[in-house]
There are 2 protein chains.
Amino acid sequence: MTFEKPKKKKIPQMTITRLAQYLNCLSLLPTEQYEEISSKELASKIELKPTQVRQDFHHFGGFGQAGYRYKVNDLIIGLERILGLDQQQKLIIVGMGHLGQALASYKNFEPLGLNLVALFDVNPKLIGLSLRDVPIKDIDDLPAIVAKHNVTIAAITTPTSAAQNTANMLVAAGIKGIWNFSPVNLTTPPDVIVQNEHLSVGLMTLSYRLKTLNKQNDGEQE
Amino acid sequence: MTFEKPKKKKIPQMTITRLAQYLNCLSLLPTEQYEEISSKELASKIELKPTQVRQDFHHFGGFGQAGYRYKVNDLIIGLERILGLDQQQKLIIVGMGHLGQALASYKNFEPLGLNLVALFDVNPKLIGLSLRDVPIKDIDDLPAIVAKHNVTIAAITTPTSAAQNTANMLVAAGIKGIWNFSPVNLTTPPDVIVQNEHLSVGLMTLSYRLKTLNKQNDGEQE
DNA sequence: ACTCCTTTGTTAAAAAGATAACATAAATTA
DNA sequence: TAATTTATGTTATCTTTTTAACAAAGGAGT
C-alpha cells in the first residue's frame with residue numbers, strides 16, 4: 001500500500017535487478033490487453049515463482065491488496081518510483097563508435113526519465129554532427145557541459161585503452177554514476193557508482209550453460 | 001588441482017558469473033607484469049573478498065597449491081575450460097543496426113573461442129556487404145548457413161518488434177544458445193538457452209543505486 | 001636447519017535469500 | 001446469502017551462499 005520506504009532493511013541486490021526486470025516486462029505489455037496482472041502471470045514471463053514476485057514487492061509494502069490482482073499501471077508507477085526513475089536525470093555518452101551510436105539511438109531513455117544531453121568523441125570528423133538531435137561535442141568541452149546541465153550519469157563506450165582516462169575525467173567533472181561498457185574494471189572513488197555492462201561476461205555465461213546442458217544430455221561423457 | 005568435474009554438486013549461478021569476471025579481468029592484465037596473482041589481488045580488482053575467490057575456485061578443486069600464488073596462465077586456461085571456451089564454437093548475429101555492427105566489430109570473440117560466421121539483416125542495401133570480412137546475408141539464407149557451418153550461438157540485435165520471430169527462426173534452424181539484446185522476454189523451448197542482455201535493467205539498477213546513495217548522504221530526507 | 005610470513009585448500013559457522021505455508025480479503029457462483 | 005475460488009500480504013522455514021576460521025605447504029631470512 002505504501003511503497004514508500006525500505007524500512008531500514010537491506011534490499012537484496014537481486015531484488016533490485018528483478019524489480020527492473022518486472023518493470024521492463026510490464027512496460028512492454030499491450031496496455032489494452034493487460035490492465036491487471038497477477039503475480040503468477042508476471043512470474044511466468046520471467047521464469048520465476050509467484051512467491052518471489054510477492055516477496056520482492058513486500059520489501060516495499062506491496063502494490064496491491066489481498067484478493068485483487070495488481071493494476072499494471074500502479075505497478076509501473078510504483079516500480080519507477082522505487083528505482084528513482086520518476087525524477088528526470090541528465091545523461092551523456094562518451095565514445096561515438098558503433099556501440100556509442102547504438103546507445104544514442106536507443107529510444108528507451110526518455111520513458112525511463114533519462115534525458116540525453118550530449119555525445120562526446122575525440123574524432124574531429126564526428127564533432128559537430130548530431131544524432132537524433134543530440135550534438136556530438138569535443139571531449140574537451142565535457143566538464144563545462146556537465147556542469148552547465150547538471151549531468152549525473154555518463155555511459156563509457158570508448159575503446160578499452162581510453163576507458164580509465166575517461167572515467168577519471170568524468171569523476172573530475174562531477175559525474176555520480178558511470179555506465180561502463182568497456183571490459184575494464186574501473187578505479188573510481190567510493191562515492192561514484194559504476195554499473196558494469198561487461199558483454200563478454202554474458203557471453204561466457206552462455207557458453208558455460210550450453211556446455212553443462214550438453215553434458216547432461218550426453219550422459220556426462222567427455 | 002584437478003579442475004575437472006563439478007563433482008555432482010550444483011555450482012551457484014553467481015559463481016559462474018564471477019568466474020567469467022575473473023577471466024575477463026585476468027585476460028586484461030599485462031602478461032609480463034603479472035605472471036602470478038594472489039586471491040587477494042584478484043579479489044581487490046573486482047571488489048570482492050579473497051575468500052570468495054578461493055571458494056569459487058574450490059568448487060572445481062582449486063587452481064594452485066597451498067603456499068604458492070596462482071599462475072595467471074593456469075587460471076586463464078582452467079577458467080576457459082570450465083566455461084567451455086576451449087572448444088571453438090560458431091556464432092552469427094541477426095540484425096545489423098548500430099548494435100549489431102558494434103557487436104560485429106567486437107574484437108574479443110576470437111580469443112573466447114567464438115568464430116563469427118555470418119551476419120544477417122532484412123535490408124537489401126546491406127545484404128552483400130561485409131564487416132571485418134564477415135558477409136552480411138539475407139535472413140532467408142539463415143537456416144542453410146546455420147546447418148552448413150554447424151552454428152550453435154546467435155545474437156539477436158533486431159528491433160524489438162522482430163525479436164520473437166527471429167528467435168523462432170533461430171530455434172527452427174537448430175540454434176542452441178541465444179544471446180538476446182532485445183528487451184523482450186523470449187519464448188523458447190526448454191532445451192534452448194537464452195542469455196538476456198537487457199540494457200535497460202542495468203540502467204535502472206544504476207538509477208536505484210544513485211538514489212539510495214543520495215538518500216544516505218542526505219540523511220534520508222523526504 | 002629453523003622460524004616466520006604468506007598463501008591456498010578445506011571445513012565450519014554465519015548471513016542472506018528463496019520457498020512454502022498461512023491468514024486475509026475480494027469476487028463469483030450456487 | 002453462504003460457500004468457493006482466486007488473489008495478495010505476511011510470517012516462518014528451509015535452502016543457498018557468503019564469510020570466517022583453520023590446517024597444510026611453500027619461500028625467505030636468520
Side-chain angles (χ1 to χ4, degrees), chain A residues 1-22 26 34-76 78-79 82 205, chain B residues 1-22 26 34-76 78-79 82 205:
Chain A
M1 189 72 91
T2 58
F3 56 77
E4 199 59 68
K5 296 191 179 184
K7 287 179 181 173
K8 287 186 179 180
K9 283 206 176 183
K10 288 179 193 168
I11 310 294
Q13 171 54 43
M14 277 309 293
T15 294
I16 300 305
T17 303
R18 282 192 299 265
L19 292 183
Q21 288 176 312
Y22 301 148
L26 291 169
Y34 277 96
E35 276 196 45
E36 300 180 339
I37 195 169
S38 68
S39 58
K40 194 175 169 186
E41 289 172 286
L42 180 53
S44 77
K45 289 184 186 296
I46 315 189
E47 297 186 334
L48 293 172
K49 307 202 171 162
T51 342
Q52 183 74 79
V53 175
R54 294 208 299 277
Q55 182 71 297
D56 285 337
F57 290 174
H58 179 243
H59 285 118
F60 301 90
F63 293 98
Q65 69 177 292
Y68 283 116
R69 301 154 84 202
Y70 299 108
K71 292 194 170 54
V72 172
N73 216 38
D74 288 359
L75 281 183
I76 290 180
L79 290 172
I82 290 173
T205 305
Chain B
M1 187 74 89
T2 58
F3 57 77
E4 200 60 67
K5 294 192 178 182
K7 286 178 181 170
K8 287 188 179 179
K9 283 203 174 184
K10 288 178 192 170
I11 311 295
Q13 172 53 43
M14 277 309 292
T15 294
I16 300 304
T17 302
R18 282 192 300 265
L19 292 182
Q21 286 177 312
Y22 301 148
L26 291 169
Y34 278 96
E35 275 196 43
E36 299 180 339
I37 195 168
S38 68
S39 58
K40 194 175 169 185
E41 290 172 285
L42 181 53
S44 76
K45 289 185 186 295
I46 314 190
E47 298 186 333
L48 292 172
K49 309 203 169 159
T51 344
Q52 182 75 79
V53 175
R54 294 208 298 277
Q55 182 71 300
D56 285 338
F57 290 174
H58 179 245
H59 285 117
F60 302 91
F63 293 99
Q65 68 178 294
Y68 284 114
R69 301 155 83 205
Y70 298 108
K71 292 193 170 55
V72 172
N73 217 37
D74 288 0
L75 281 183
I76 290 179
L79 291 172
I82 290 172
T205 305

Nucleotide by nucleotide, 5' to 3', does protein get under 4.0 Å of the base (B), only the sugar-phosphate (S), or neither (-) in nucleotides 13-18 of chain C, counting heavy atoms?
---SSS

Calculate the interatomic distance between B:Arg54 atom CZ and D:dA21 atom P; express it in whole Å.
13 Å

Residues at least two apart in sequence or cross-chain that pass side-chain contact (heavy atoms from CB on, under 4.5 Å) with A:Lys40, listed by chain then number, are A:Ser38, A:Pro50

Any heavy-atom pair between the side chains of A:Leu48 and A:Tyr22 that's under 4.5 Å?
yes

Just the rounded figure in Å: distance from P of D:dT19 to CZ of B:Phe57.
15 Å

For A:Val53 and A:Ala43, work out which heavy atoms get closest and say how close.
CG2-CB, 3.7 Å

Heavy-atom contacts, protein to nucleotides 23-30 of chain D, under 4.0 Å, summarised as B (base), S (sugar-phosphate only) or - (none) per nt, yield -BBSS---

When the distance from CZ of A:Arg69 to C1' of C:dA27 is rounded to whole Å, what number comes out?
12 Å

Please tell me if B:Tyr70 has a side-chain N or O lying less than 4.0 Å from either OP1 or OP2 of C:dG9.
yes

Quick one: CG on A:Leu42 to CD on A:Gln52, what's the gap to the nearest 0.5 Å?
11.5 Å

In whole angstroms, how far is the P atom of C:dT6 from the CD atom of B:Glu41?
13 Å

Using the ring centroid of each side chain, check whether A:Phe63 and A:Phe57 are separated by less than 6.0 Å.
yes

What is the separation between atom NZ on B:Lys49 and atom P on C:dT7, rounded to the nearest whole Å?
18 Å

d(A:Ile11 CD1, A:Leu19 CG) to nearest 0.5 Å is 8.5 Å

Say you draw a straight line from CZ of A:Arg18 to CD of A:Gln55; how long is it, rounded to the nearest 0.5 Å?
9.0 Å

Whole angstrom is fine here: how far is it from NZ in A:Lys40 over to P in C:dA20?
14 Å

Distance below 4.0 Å between B:His58 side-chain N/O and C:dG9 OP1 or OP2
no

Rounded to the nearest angstrom, tell me the gap between atom NE2 in A:His59 and atom P in D:dT10.
12 Å

Around A:Glu36, counting heavy atoms of other residues, nucleotides and ligands shown, do more than 12 lie under 6.0 Å from its CD?
yes

Atom CG of A:Leu48 to atom P of C:dT19: distance rounded to whole Å?
8 Å

OP1 or OP2 of C:dA20 under 4.0 Å from side-chain N/O of A:Thr51:
no

Nearest non-hydrogen partners of B:Asp56 and B:Thr15, listed with the distance
OD1-OG1, 3.2 Å

